[in-house]
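Nothing fancy with the numbering, it's 1 onward along the sequence. These numbers were taken from a predicted model, which means no experiment stands behind them.
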Amino acid sequence: MDVLLINGPNLNSLGTRNPAQYGTTTLADVENSVTAQGEELGLRVECFQNNHEGGIVDRIHEAKKQGCKGFVINPGAYTHTSIAIRDAFEAVELPFVEIHISNVHAREAFRHHSYLSPIAAGVIVGCGVRGYNLALAHLAALIEERS
Ligand code: DQA
């Protein structure tokens, strides 16, 4: 695996969850699209969704051991609460691009702060599910530059 795509809590319901905010594309559609894009870019993409903070922390460490070169992550609500996920990224010392489907800055104040953004290699917000593809394109360029 070269890149791990991580989706956090409630993103398993993408497509039916609050479509006005997140659209009607399913998580499976997103994962297929990013995986296919990865193939075109010569990157093996693995996909992981988890509703639990510790599960995401464990997967980040495991990915490092598996030779992963970087991450695309939509941390969902953990964006706004999780020091543990930020610490995991700091520990593995690999680049990650943070993506939010909705424009979190146009929403409730509690969504304006991200624990992850200050250490992210890029942040994509409010571009809908297309943001996942934009995030992978940026990460692929970073991986290329570093190789
Ligand atoms: C989200 C924004 C978060 O505030 C929210 O908790 C989510 C989805 C987005 O993709 O827009 O679960 O990360």
Original post:
Parallel, tilted or perpendicular: which describes the rings of Phe110 and His80, with under 30° parallel and over 60° perpendicular?
Top reply: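 If you compare the ring of Phe110 with that of His80, the planes turn out perpendicular.
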
Validation row: [X], [Y] side chains within 4.5 angstrom (heavy atoms):
X	Y	answer
Leu136	Val3	yes
Leu134	Cys127	yes
Phe71	Pro95	no
Val45	Asp2	no
Pro75	Leu116	yes
Thr25	Val30	yes
His100	Arg111	no
Glu39	Thr35	yes

Original post:
Yes or no on side chain to side chain contact (heavy atoms under 4.5 Å, CB included) for Ile85 and Ile60, after CA distance, side-chain angles and deciding distance?
Top reply: CA-CA 8 Å; Ile85 293 174; Ile60 291 167; 4.1 Å; yes

Hydrophobic cluster membership, [X] vs [Y], 4.5 Å side-chain cutoff:
X	Y	result
Ile119	Tyr78	yes
Leu43	Val97	yes
Ile99	Ile56	no

Original post:
Do NZ/NE/NH1/NH2 and the carboxylate oxygens of Lys65 and Glu62 come within less than 4.0 Å?
Top reply: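 Salt bridge between Lys65 and Glu62, a charged N being under 4.0 Å from a carboxylate O: no.
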
Original post:
Between Glu46 and Arg59, is there a salt bridge with N-O shorter than 4.0 Å?
Top reply: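 A salt bridge links Arg59 with Glu46.
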
Enter the distance from [X]:[atom1] to [Y]:[atom2] here, rounded to the nearest 0.5 Å.
X	Y	atom1	atom2	answer
Leu5	Leu139	CG	CG	10.5 Å
Glu144	Leu41	CD	CG	10.0 Å
Glu31	Leu11	CD	CG	10.0 Å
Ile6	Ile73	CD1	CD1	4.5 Å
Asn7	Asn12	CG	CG	9.0 Å
Asp29	Leu14	CG	CG	8.5 Å

Original post:
Would Lys69 and Leu94 count as a side chain to side chain contact (heavy atoms under 4.5 Å, CB included) if you check the C-alpha gap in whole Å, the side-chain angles of each, and the deciding distance to 0.1 Å?
Top reply: CA-CA 6 Å; Lys69 297 173 184 153; Leu94 290 169; 5.5 Å; no

How close do [X] and [Y] get, heavy atom to heavy atom, and via which atoms?
X	Y	result
Arg17	Pro9	NH1-O, 4.2 Å
Ile143	Gly70	CD1-N, 4.5 Å
Ala91	His61	CB-CE1, 3.8 Å
Gly55	Asn50	CA-OD1, 3.9 Å
His112	His105	NE2-O, 3.3 Å

**OP:** Linking directly or through intermediates, with side-chain heavy atoms under 4.5 Å: list the remaining ILVMFWY members grouped with Tyr115, chain and number order.
**Re:**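 Joined to Tyr115, directly or through intermediates: Ile83.
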
**OP:** If you link ILVMFWY side chains whenever their heavy atoms are less than 4.5 Å apart, which other residues fall into the same cluster as Val125? By chain and number, please.
**Re:**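 Besides Val125, the cluster holds Val104, Val123.
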
Original post:
Should Val34 and Cys47 be marked as a side chain to side chain contact (heavy atoms under 4.5 Å, CB included) after you check the CA-CA gap, both sets of side-chain angles, and the distance that decides it?
Top reply: CA-CA 9 Å; Val34 174; Cys47 303; 5.7 Å; no

Subject >> Test item: His138 side-chain N/O and Asn133 main-chain N/O as donor-acceptor pair under 3.5 Å >> reply: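 Here the side-chain-to-backbone pair does not exist.
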
**OP:** Determine whether the side chains of Glu53 and Asn51 contain a donor N or O and an acceptor N or O closer than 3.5 Å.
**Re:**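 The criterion, which ignores hydrogens and geometry beyond distance, is not satisfied for Asn51 and Glu53.
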
**OP:** State whether a side-chain donor-acceptor pair under 3.5 Å links Glu98 with Ser117.
**Re:**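 The answer is yes; a qualifying pair exists.
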
Original post:
Could you walk me through whether Ser102 and Tyr22 pass the side chain to side chain contact (heavy atoms under 4.5 Å, CB included) check?
Top reply: CA-CA 6 Å; Ser102 65; Tyr22 302 118; 3.9 Å; yes

